[in-house]
Every structure is written in C-alpha cells, then in structure tokens.
Asks: 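Sharing a structure here in structure tokens format.
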Amino acid sequence: MLTKAPKGTNDILPSRIDYWYYVEEIIKNTLQKFGYREIRTPSFEHTELFIRGIGETTDIVNKEMFTFQDQKGRSLTLRPEGTAPVVRAYLEHKIGRENPVSKLFYLGSMFRCEKPQAGRFRQFNQFGLEAIGSPFSLVDAEIIAAAVAIYKKIGIKDFSLILNSVGCRKCRPIYLKELKEYFQDKKDLLCSDCQERYHKNPLRILDCKKTNCQIQIKKSPSIYDYLCEDCSEHFSKLKKYLDHLTINYQINPLLVRGLDYYTKTAFEITSGELGSQNAIGGGGRYDYLVEELGGSPTPAVGFAAGIERIISTMEKQQIKIPFWEGLKVFIAATSEKETSIALQVALNLRENNISTEIDFLNKSLKAQMRQANKLQVSYVIILGQDELVQKSAILKNMLDGQQKIVNLDDLANEIISWQQKERL
RNA sequence: GUGGGCGUAGCUCAGUCCGGUUAGAGCCCUGGAUUGUGGCUCCAGUGGUCAUGGGUUCAAAUCCCAUCGCUCACCCCA
C-alpha cells in the first residue's frame, strides 16, 4: 500500500520526462503564436461549478467526480475538465473587459474517478484553449487550426478530424422532439442505456455503438434537416474556412460529446494508434456556458487534448524527440582526501555551464571510472595526490582515451576548448 | 458498475497443464582479474513472504476457495 500509487494514477519517471518537456514546449510556443495566453486555475473548485457547467445528466457529473468536503462543510471537487474553471476565472476577474475576444489556454491535471484502462486514467493531463467572445465560425476554424498545428508540430502523422453541428437553443429542441417521436415506438428495441437516454438526453442515443441501436439510429432523422438558419450558416462557413485552409475533416452527424454545454460546432480528433480510447482531442462551441455560470450572454468555443494519449501516440509512431544529453564531466578522486576538492571543482564547472557529477560513495578509482563510463560523460577529471601538489589534475577524454595534466584553475577553459575542437 | 486476461528477483520471463531435492535464466546491480584509469572478456557475489489468506496432501510456485492488485474491453471520455 505504501509503495503503490493510487489506482489510475501514474508516476512520470525521469526516463520519460523528455516527452513531457517536448510536448509542453510545443504547446506553449504554438499557442502563444496564435495569441493565446496561459491561465492557471486551481486544481479544485466548488462542486456546483461543474454541476452547472458540465450538466447534471452527464456521466462526468453523475459518477466520475472526486468530490470532498472542507472543514466547514463546503463541497469541493477536483476539476474533471478545464473549461468551466477557465470560464469561472474569466468571469471572476472580468477578463472580458480587457479585450472583446479573450483567448486563453491551460495545461494541467484533471481528475475523473473512472475505472482505468489503456489511455484512461484517474489523474491525467490536458491542455486546452478557449476563445471567449465571438459568435463567428472564424474562431472555430482558428481553434481547429491551432490544434492541428500542434499535432503537426509534435510530429503526429495520422489523425483525423471529425466534425458536427449540434444546433442551438432554437433548433435543437425541435430536433430532439422529432428524435423522440421517431424512437417512441422503437424504445423496446434499444439497449437499457439508450432507454434511459431517451428520457434524459435523447441526443446521446446517436452515439451508442450497440448494433441493435445502430440499426434504429441509421434511419433516424438527421440533425442537418433541422438546424436553424443561423446554425446552418455557421456550420457551412466553418466548413468553407477549413476547406480553404486545406484541413481535412469528416462530417459525422452522430458525433455527440459527453458534455452538455456544446452548441453548434462539435468536433473530435482521433488517432488510429490508440485502439479503444482513440480521441486525442475534442472540443466545440459553448455559447450558453458563460451565461449559465452567471455572466452576460457571451459566445465561446474551445478545445482540449489529453497529453498522455498524445505521448502514447508519439511512442507508437516512434517520433524522435530531443532527449537529455546527459552529463559532460565526471570527477574522480583517488582517495577520500580529494573529495572536498572534487565538490569545489564540480561547482566551478557547473558555474561555467558544464554539467558535472562526482562520486558520493568513496569508491575505488576503478569503480569511479566505470561509473563515468556508464554515465557516458565526455570527460573525466582525476584528482590525484601527485598532481594536486602542483594544483593540477588529470583531464581525460573518454572518447579517445587521451589525457593531460591541467591546472585546476584552467579546467573549465580547457574543457570548453576541447569541446569546440570536437565540434569542428 | 459489467465482463475477459494476468500476478515467480529491480526488469523480461522459464517452471504451473501432469504436486516431489536447496525455485532458475538473461539483463541490471556490486566486487575482483598486481602498482592511480572506463568500455570488451572472464570470474565471483547481492537480490525472491513464488500477490495475500485459507484449504487438500506425507509433500504446494504447481491443485481448490476467497481476497487484493494489475491489465484489457464495455460504458464514457482526453
């Protein structure tokens, strides 16, 4: 128990941390070029925020939240997603007053109490972006373009964009009514989950993968026949923008996302490498969320992606990344007497931007050399009594085995000049 | 919440079906092969409550039951 992390959590070990540095760096650089500024919100919020924001009927709110009480009995919840907290901060700090369109991005851990499996964890990391303030599909297009730019920059090869429009306040109720009417006499043919969805959230029936349900879904009315003029125009403009940007997409009228706040645009980005949990990102427009959380009516659109799934895709596609180059110098002491000098020399080299390691276990010179070799350092400094009388030490090049005696004060300069020679 | 697979050394695994010496291998780790010098090689060594608890048996890593853990899939999502 003491030596085991909780279910669904992961330690990111040093051997894999370079993937994280690489991905996080690209996300930050790319999004800043798109004009997004990072926002960091707390890891937990008032529970009510998520219930109101994500929707009471969603799985996330119903069964997947880590909820707890503080000492005064207030209900708090570890954030299961990033959009509601960002909108909350947007309203709390009146960020909208600074600029008519606020472009924000975040990067951090999310928490959902689900049963873990491949690509699904209880604590996982997401980055996301939110553009709050514009109703026009130009923003939707830019957000999708930003997501695509990040995946491309990372080097992910095959991913697909699936696009849909789920309507708005005006047209969705009409469609839902039609949908309910259509399924009315077919309820008994649907699975038990879908029978429940019929009452709570009929749109979600469309997302069911069970074959019996699929048969009924195939003949169901299409949302595209019911979109109002505004939604319809918004959708066709978005498609035009994407065509213009030569961003490929597949239209799928059955794409329904599990968060209630989406309106008009809904989209998902999937990677074929991942098997069952194949979404590496998803998002859409949420024109009523700001209002729902107590702000004035403000249209918005956003996107979020899972970093674990991105890294998993990278590994499957064997994408090359810059790994830590390792240490440059190892300082070996011939006896315990020289160890304080070793530390002193090491500090001096590090000040000169030369990464350096020393021995901490009083090992034999042979063992220290072995360790130096294992660390794959380029140079070893051997502190021997004979040389120290002259305030010098042996500097050895581990690649060709050559070595020479160098004054202690000149070690840094000597190493730098050796390195420069080797680059030529 | 439902279903499948799996738990033997730090890692990858053999041994389990058909119970029988002291539970093995490779990698890793530690030390040695004459003076104060790495890699290659050779030699030696450390490391295991065989997931846990119970049962059957003269005898259990091996058979039976339970529990826990991991993992994959459904659901949903990143």
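So you know, we letter chains A, B, ... as the sequences are listed, proteins then strands, and number each from 1. Heavy-atom basis, side chains included; hydrogens, waters and symmetry copies ignored.
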Asks: If I pick the P atom on B:U21 and the same atom on B:C50, what distance separates them, to the nearest angstrom?
Replies: 16 Å
Asks: Let me know the distance between CD1 of A:I405 and C1' of B:G36, rounded to the nearest Å.
Replies: 12 Å
Asks: Which is true for A:E387 with a 4.0 Å heavy-atom rule: it touches a base, it touches only sugar-phosphate, or it touches nothing?
Replies: base
Asks: Can a cation-pi geometry be assigned to A:K153 and A:Y151, taking NZ or CZ under 6.0 Å from the six-membered ring centre and within 45° of the ring axis?
Replies: no
Asks: What is the distance from CD of A:Q371 to P of B:G39, rounded to the nearest Å?
Replies: 13 Å
Asks: Picking from B:A73, B:U37, B:C70, which would you name as closest to the side chain of A:A118?
Replies: B:A73
Asks: What's the closest nucleotide to the A:K363 side chain, out of B:U37, B:C72, B:G31?
Replies: B:G31
Asks: Given A:E130, which of A:Y36, A:Y90, A:Y286 fulfils the side chain to side chain donor-acceptor pair (under 3.5 Å) condition?
Replies: A:Y286
Asks: How is A:R257 classified with respect to the nucleic acid when contacts are heavy atoms under 4.0 Å: base, sugar-phosphate, or nothing?
Replies: sugar-phosphate
Asks: Please confirm whether the backbone N or O of A:E422 pairs with a side-chain atom of A:Q419, one donor and one acceptor, at under 3.5 Å?
Replies: no
Asks: Which atom pairs, donor and acceptor, lie under 3.5 Å between side-chain atoms of residues 8-20 of chain A and protein residues at least two apart or in another chain?
Replies:
unit_1	atom_1	unit_2	atom_2	d
A:T9	OG1	A:P6	O	2.6
A:R16	NH1	A:E315	OE1	3.4
A:R16	NH1	A:E315	OE2	2.5
A:D18	OD2	A:W324	N	3.1

Asks: Of the non-hydrogen atoms in A:I143 and A:V301, which two are nearest, and what is the gap between them?
Replies: CD1-O, 3.3 Å
Asks: When you compare B:G45 with B:C64, how far apart are their P atoms, in angstrom units rounded to a whole number?
Replies: 38 Å
Asks: Looking for any heavy atom pair under 4.0 Å, which part of the strands does A:A279 touch: base, sugar-phosphate only, or nothing?
Replies: sugar-phosphate
Asks: With P as the reference atom in both, quote the distance from B:A61 to B:G7 in angstrom, rounded to an integer.
Replies: 16 Å
Asks: If you check the A:I382 side chain, which of B:G36, B:G38, B:C74 turns out closest?
Replies: B:G36
Asks: Determine the interatomic distance between P on B:G55 and the same-named atom on B:G10; round to the nearest Å.
Replies: 28 Å
Asks: Which base sits across from B:U37 as a Watson-Crick or G-U pair, both distances under 3.5 Å?
Replies: none
Asks: Which one is paired to B:C50, where only Watson-Crick or G-U wobble pairs with both distances under 3.5 angstrom count?
Replies: none
Asks: Give one of base, sugar-phosphate or nothing for A:E114, where a contact means two heavy atoms less than 4.0 Å apart.
Replies: base
Asks: A:Q403 CD to B:G38 P: how many Å, rounded?
Replies: 11 Å
Asks: Over all strands shown, is A:G119 touching base, sugar-phosphate only, or nothing at heavy-atom distances under 4.0 angstrom?
Replies: base
Asks: For nucleotides B:U41 and B:G54, find the distance between their P atoms and express it as a whole number of Å.
Replies: 47 Å
Asks: Mind checking A:R120 for me? I need base, sugar-phosphate or nothing, with any heavy atom below 4.0 Å counting as a touch.
Replies: base
Asks: Is the phosphate of B:A73 approached by A:Q117 (side-chain N or O, under 4.0 Å from OP1 or OP2)?
Replies: yes
Asks: Would you kindly give the CD-to-C1' distance between A:E64 and B:A78, to the nearest whole Å?
Replies: 12 Å
Asks: Examine A:K180 relative to A:Y198 and say whether NZ or CZ is less than 6.0 Å from the centre of the six-membered ring and inside a 45° cone about the ring axis.
Replies: yes
Asks: Return a table of donor-acceptor pairs under 3.5 angstrom between the side chains of residues 384-396 of chain A and protein atoms on other chains or two or more places apart.
Replies:
unit_1	atom_1	unit_2	atom_2	d
A:S392	OG	A:Q390	O	3.1

Asks: Hey, does the Lys NZ or Arg CZ of A:R169 hover above the aromatic six-ring of A:Y288, less than 6.0 Å from the centre and inside 45° of the axis?
Replies: yes
Asks: Is the backbone of A:V406 close enough, under 3.5 Å, to the side chain of A:D410 for a donor and an acceptor to pair up by distance?
Replies: no
Asks: Is A:G281 touching bases, backbone alone, or none of the nucleic acid, heavy atoms closer than 4.0 Å?
Replies: sugar-phosphate
Asks: What contact category does A:K115 fall into here, base, sugar-phosphate, or nothing, at under 4.0 angstrom with non-hydrogen atoms?
Replies: base
Asks: Taking only the side-chain nitrogens and oxygens of A:R122, find out if one of them lies under 4.0 Å from OP1 or OP2 of B:A78.
Replies: no
Asks: Using a 4.0 Å heavy-atom cut-off, does A:Q368 contact any base of the nucleic acid, only the sugar-phosphate backbone, or nothing at all?
Replies: nothing
Asks: Which one, B:U30, B:G39, B:U37, comes nearest to the side chain of A:K374?
Replies: B:U30
Asks: What integer number of Å spans the C1' atoms of B:C29 and B:G1?
Replies: 45 Å
Asks: Given B:G36, B:U30, B:C74, identify the nucleotide with an atom nearest to the side chain of A:Q277.
Replies: B:C74
Asks: Could you tell me how far apart A:L395 (CG) and B:U37 (C1') are, to the nearest whole angstrom?
Replies: 13 Å
Asks: On a whole-Å scale, what distance lies between the P atoms belonging to B:C28 and B:C65?
Replies: 41 Å
Asks: When rounded to the nearest Å, what value does the distance between C1' atoms of B:G3 and B:C63 take?
Replies: 26 Å
Asks: Centre of A:Y175's six-membered ring, under 6.0 Å away, within 45 degrees of the axis: is that where NZ or CZ of A:K177 sits?
Replies: no
Asks: From B:G32, B:U30, B:C75, pick the nucleotide closest to the side chain of A:K366?
Replies: B:G32
Asks: Given B:G31, B:A73, B:U37, which nucleotide is nearest the side-chain atoms of A:R370?
Replies: B:G31
Asks: Within the structure shown, what part of the strands sits under 4.0 Å from A:I280 by heavy-atom distance: base, sugar-phosphate, or nothing?
Replies: sugar-phosphate
Asks: Which residues in residues 306-316 of chain A have a heavy atom closer than 4.0 Å to any atom of RNA chain B?
Replies: A:G306, A:R309
Asks: Determine the contact category for A:N125: base if any of its heavy atoms lies under 4.0 Å from a base atom, sugar-phosphate if only primed atoms, P, OP1 or OP2 are that close, otherwise nothing.
Replies: nothing
